[in-house]
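The next block holds one structure in the form of structure tokens; read it before the comments.
Computed from a prediction, not measured in an experiment: that's the story for all the values here.
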Amino acid sequence: MKMFFLALLLIINTQVFAKDWGGEQEANVDRLILDFSIDKENKFHPDIYLPFSLSDELSAAISYHTTADYEKEKIENIADSENNIEIKYSTLNIYPVLWKFEGDVLGLDIGVIDIDKQESGFGKVSGQTINFISDLTIQAIKPSLFYRFNQLKDKDNGVLYSLSVSPFSQLSVSQSTVFSGDVNASGSADGNTDSSFSMRAEVDGRHQFSSGLQTYYDFQYEYLPMEYTLDILDSNGLFTNESFDVVEHIFKASYKIKLNMNLFYGLSPVVGISYEKTNGEERNAGDSYSYERYLLVFGIER
């Protein structure tokens, strides 16, 4: 929500945003996006993209996106059990310098991904009840080289192809786990590690129908490896260190319609739908997981 109000304040200063880079078509390559999505728990998530013009050939941008997954399941091999999971993702991308040449763009992309996984529940084994609460937070900082290939026919039609490639990621991990009931124990782990190559690819398309109806579609794929160590309760009731080698494949797709209404500063309302899916694998143990979400999208764009 803070990002939303910041964006509104910046809009007022119209000198900051989207100066003409040589014509109306190029001035609208980077859309100003102030959107929100609603998940199945009726929680709101911002999806913001703020472009800044620095000169005729140089620009910068900031994007911010959040989402969440909610799962309720049984603990594996325990019939009388419950495990409630909430995973919050937030992604901040800072493009400090973007250089435009012949319509394409080359620059830097500093990505900060925050993952907060909260679990709570219970399990009954051999007449004993064990309650648990666990909180795992991971922050990945990824410096990337960014390239965008411009295939727009005009400002309202065509496709932009983007690729961000990062040679490494800096991970900060914090974990806290508490067991209560017939077993009382707690464990925690904090540390910093490095992960290997990651990347994000995106297709950003737009199409205007003969009726004048403007539409936008977006497809995104992210490859995110993460290696870290946590404290895990073993069969003897003791916490021991265990290494995790996780790879997530994150897919996103959206389709939005811009309404023919000029609200202010050239901004118009948009409505649409979004689909997101995360496929993960813990390669040391051979375990896998998958989360998917459908969201309603609304907001204002230029």
Determine whether the side chains of [X] and [Y] contain a donor N or O and an acceptor N or O closer than 3.5 Å.
| X | Y | answer |
| --- | --- | --- |
| Gln208 | Asn157 | no |
| Ser176 | Asp135 | no |
| Asp218 | Ser254 | no |
| Glu119 | Asn83 | yes |
| Asp109 | Asn93 | yes |
| Tyr89 | Asp114 | no |
| Tyr64 | Asp47 | no |
| Asp182 | Thr129 | no |
| Glu86 | Asn84 | no |
| His65 | Gln220 | no |
| Asp30 | Tyr49 | yes |
| Thr67 | Glu276 | yes |

Quick one: [atom1] on [X] to [atom2] on [Y], what's the gap to the nearest 0.5 Å?
| X | Y | atom1 | atom2 | result |
| --- | --- | --- | --- | --- |
| Ile300 | Ile33 | CD1 | CD1 | 11.5 Å |
| Lys142 | Leu224 | NZ | CG | 5.5 Å |
| Leu92 | Ile110 | CG | CD1 | 9.5 Å |
| Tyr291 | Glu71 | OH | CD | 6.0 Å |
| Tyr221 | Glu202 | OH | CD | 14.5 Å |
| Asp104 | Trp99 | CG | CH2 | 10.0 Å |

Practice item. Run through Asp116, Thr177, Leu230 and flag the one making a side-chain contact (heavy atoms from CB on, under 4.5 Å) with Leu136. Key: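 Passing option: Leu230.
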Point to revise | Donor-acceptor contact below 3.5 Å, side chain Asn131 vs main chain Phe122 | key: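 The answer is no, because no donor-acceptor pair under 3.5 Å joins these two groups.
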**Study point:** Side-chain donor/acceptor of Ser37 to backbone N/O of Leu296, under 3.5 Å
**Key:**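 Here the side-chain-to-backbone pair does not exist.
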Is it the case that one hydrophobic cluster holds both [X] and [Y], taking links as side-chain heavy atoms less than 4.5 Å apart, direct or via other members?
| X | Y | value |
| --- | --- | --- |
| Leu145 | Phe149 | yes |
| Phe132 | Val125 | yes |
| Leu32 | Phe52 | yes |
| Phe251 | Leu295 | no |

Exercise for review: Dump the intermediate steps for side chain to side chain contact (heavy atoms under 4.5 Å, CB included) on Val105 and Phe146, then the final yes or no.
Suggested key: CA-CA 8 Å; Val105 171; Phe146 173 81; 4.2 Å; yes
Check your understanding: Could Arg293 and Tyr275 be counted as a cation-pi pair, given that NZ or CZ must be under 6.0 Å from the ring centre and within 45° of the axis?
Key ->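 Not satisfied by the 6.0 Å and 45° rule.
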Exercise for review: Would you check, one step at a time, whether the test side chain to side chain contact (heavy atoms under 4.5 Å, CB included) holds for Ile257 with Leu213?
Suggested key: CA-CA 7 Å; Ile257 298 173; Leu213 181 68; 3.3 Å; yes
Practice item. Start with the C-alpha distance between Tyr223 and His249, add both sets of side-chain angles, then the distance that settles ring pair (Phe, Tyr, Trp, His ring centres under 6.0 Å), and finish with yes or no. Key: CA-CA 5 Å; Tyr223 171 80; His249 304 271; 5.6 Å; yes
Check your understanding: What do the steps show when you test Tyr228 against Ser243 for side chain to side chain contact (heavy atoms under 4.5 Å, CB included), and what is the final call?
Key -> CA-CA 6 Å; Tyr228 49 85; Ser243 296; over 6 Å; no
Point to revise | Basic-acidic side-chain contact under 4.0 Å: Arg148, Asp204 | key: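 Asp204 and Arg148: not salt-bridged.
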Point to revise | Among Lys256, Arg206, Lys258, the one residue meeting salt bridge (Lys or Arg N to Asp or Glu O under 4.0 Å) with Glu301 | key: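 Per the salt bridge (Lys or Arg N to Asp or Glu O under 4.0 Å) rule, the option paired with Glu301 is Lys256, out of Lys256, Arg206, Lys258.
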Review point. Side chain to side chain contact (heavy atoms under 4.5 Å, CB included) between Tyr70 and Ile85: does it pass, once the steps are laid out?
Key: CA-CA 6 Å; Tyr70 312 92; Ile85 303 173; over 6 Å; no
Review point. Should Phe298 and Ile38 count as side-chain neighbours, where that means a heavy-atom distance under 4.5 Å?
Key: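 The answer is yes; the side chains approach within 4.5 Å.
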